[in-house]
Amino acid sequence: MKKKIYIILGSVIFLFSAHYYWQNRYVKLRPVLPREVINRPVFFSNLFHNQLYRIASPNEVSQNYYKNIRYVLERSGQEYIMKNGNIYIKFKYVNDMEMIWNYTTRATDPHWFKLKREMDSVNGDIEEKEELDRIIKGFLK
């Protein structure tokens with residue numbers, strides 16, 4: 001009887017550990033764009049909204065995305081690691097394509113950076129303001 005309890009308890013611990021590892025592993029961050037036309041019906045769009053987005057190929061997104069995504073992730077408080085010039089975030093966040101699309105939009109939107117610059121000017125954060133000036137100048141080139 002005790003042996004069965006230990007086996008069940010060990011199995012539950014193993015499954016929980018495997019799930020925890022799987023959700024917290026780091027995977028490559030790729031830009032996300034909305035689907036232009038969906039040729040099939042969208043079922044439960046409020047629950048399964050990932051079907052409204054797709055992963056973009058590298059040439060579909062402007063070069064500003066690759067320059068600015070690190071700043072957007074830092075500003076949003078997102079944990080990430082850099083490895084071989086690529087950005088990796090946790091798997092559980094990559095599954096939320098709406099959030100990744102939000103990051104993609106922010107990284108390519110000069111208006112968002114100008115808004116953050118104004119906020120930093122009001123708050124007196126000069127260090128962030130200088131970095132934002134550099135990023136905004138990158139959009140003008």
Side-chain angles (χ1 to χ4, degrees), residues 2-141:
K2 277 187 168 182
K3 188 175 183 180
K4 287 182 182 181
I5 292 174
Y6 288 137
I7 290 174
I8 291 172
L9 185 62
S11 299
V12 168
I13 290 172
F14 173 75
L15 290 174
F16 177 75
S17 299
H19 177 73
Y20 181 79
Y21 167 76
W22 188 259
Q23 291 296 319
N24 289 306
R25 65 190 170 98
Y26 283 90
V27 295
K28 186 177 177 182
L29 175 65
R30 294 183 287 171
V32 170
L33 296 174
R35 292 188 188 272
E36 287 82 20
V37 176
I38 298 178
N39 295 327
R40 63 182 192 283
V42 177
F43 297 105
F44 304 109
S45 63
N46 55 345
L47 296 175
F48 302 111
H49 55 269
N50 280 353
Q51 60 187 332
L52 302 174
Y53 302 98
R54 64 181 175 82
I55 299 201
S57 62
N59 60 355
E60 287 184 286
V61 180
S62 71
Q63 289 300 322
N64 289 329
Y65 169 81
Y66 298 102
K67 293 177 188 174
N68 302 332
I69 190 66
R70 287 180 60 195
Y71 181 81
V72 171
L73 292 174
E74 288 173 5
R75 191 70 180 225
S76 301
Q78 182 68 258
E79 296 177 24
Y80 70 92
I81 58 174
M82 289 287 295
K83 191 184 288 185
N84 298 329
N86 294 320
I87 296 177
Y88 293 85
I89 64 172
K90 290 188 177 183
F91 179 74
K92 62 185 171 185
Y93 300 125
V94 171
N95 281 338
D96 188 358
M97 292 184 106
E98 188 173 7
M99 182 180 69
I100 303 300
W101 176 62
N102 189 6
Y103 292 156
T104 303
T105 305
R106 286 180 183 178
T108 57
D109 183 17
H111 179 69
W112 186 80
F113 286 103
K114 289 177 184 176
L115 182 67
K116 294 301 172 187
R117 184 184 177 283
E118 289 175 13
M119 286 176 48
D120 289 341
S121 296
V122 169
N123 294 334
D125 191 355
I126 297 171
E127 195 173 291
E128 291 285 328
K129 183 180 166 222
E130 291 172 356
E131 184 176 354
L132 284 168
D133 285 338
R134 180 189 55 78
I135 291 172
I136 291 169
K137 286 179 185 175
F139 279 108
L140 300 176
K141 291 180 182 180

Note to self: Show every salt bridge (charged side-chain N to carboxylate O under 4.0 Å, His left out) that has at least one partner inside residues 15-33, sequence neighbours left out.
What the structure shows: none
Just so I know, are the side chains of [X] and [Y] near enough to count as touching, which here means a heavy-atom distance under 4.5 Å?
X: M82; Y: Y88; value: no
X: N68; Y: F113; value: yes
X: Y66; Y: P31; value: yes
X: L33; Y: I55; value: no
X: Y80; Y: K90; value: no

Next item on the list: Identify the two heavy atoms, one from I89 and one from Q78, that lie closest to each other, and give their separation to 0.1 Å.
Entry: CG2-CG, 4.3 Å
Notebook entry, point to check: What class does the angle between the rings of Y71 and W112 fall in, given that below 30° is parallel, 30 to 60° is tilted and above 60° is perpendicular?
Noted result: perpendicular
Donor-acceptor contact below 3.5 Å, side chain [X] vs main chain [Y]:
X: N102; Y: E98; value: no
X: N84; Y: N86; value: no
X: T104; Y: V32; value: yes
X: S76; Y: L73; value: no

[atom1]-[atom2] distance between [X] and [Y], expressed to the nearest 0.5 angstrom:
X: Y53; Y: D96; atom1: OH; atom2: CG; answer: 9.0 Å
X: I13; Y: I8; atom1: CD1; atom2: CD1; answer: 12.0 Å
X: T105; Y: I100; atom1: OG1; atom2: CD1; answer: 11.0 Å
X: D133; Y: K114; atom1: CG; atom2: NZ; answer: 11.0 Å
X: K92; Y: H19; atom1: NZ; atom2: NE2; answer: 9.0 Å

Notebook entry, point to check: Do E79 and Y93 have side-chain atoms, one donor and one acceptor, less than 3.5 Å apart?
Noted result: no
Margin query: Heavy-atom count check: over 12 atoms from other residues, nucleotides or ligands less than 6.0 Å from R75 CZ?
Written below: yes
Note to self: Please evaluate residues K67 and I135 with respect to the criterion side-chain contact (heavy atoms from CB on, under 4.5 Å), reporting the C-alpha separation (whole Å), side-chain torsions for both, the decisive distance (0.1 Å), and the verdict.
What the structure shows: CA-CA 8 Å; K67 293 177 188 174; I135 291 172; over 6 Å; no
Checklist line | Residue pairs, two or more places apart or on separate chains, that pass side chain to side chain donor-acceptor pair (under 3.5 Å) and touch residues 55-65 | finding: R54-E60, S57-N59, S57-E60
Item checked: Residue list, ring pair (Phe, Tyr, Trp, His ring centres under 6.0 Å) with F91, at least two apart or on another chain -> W22
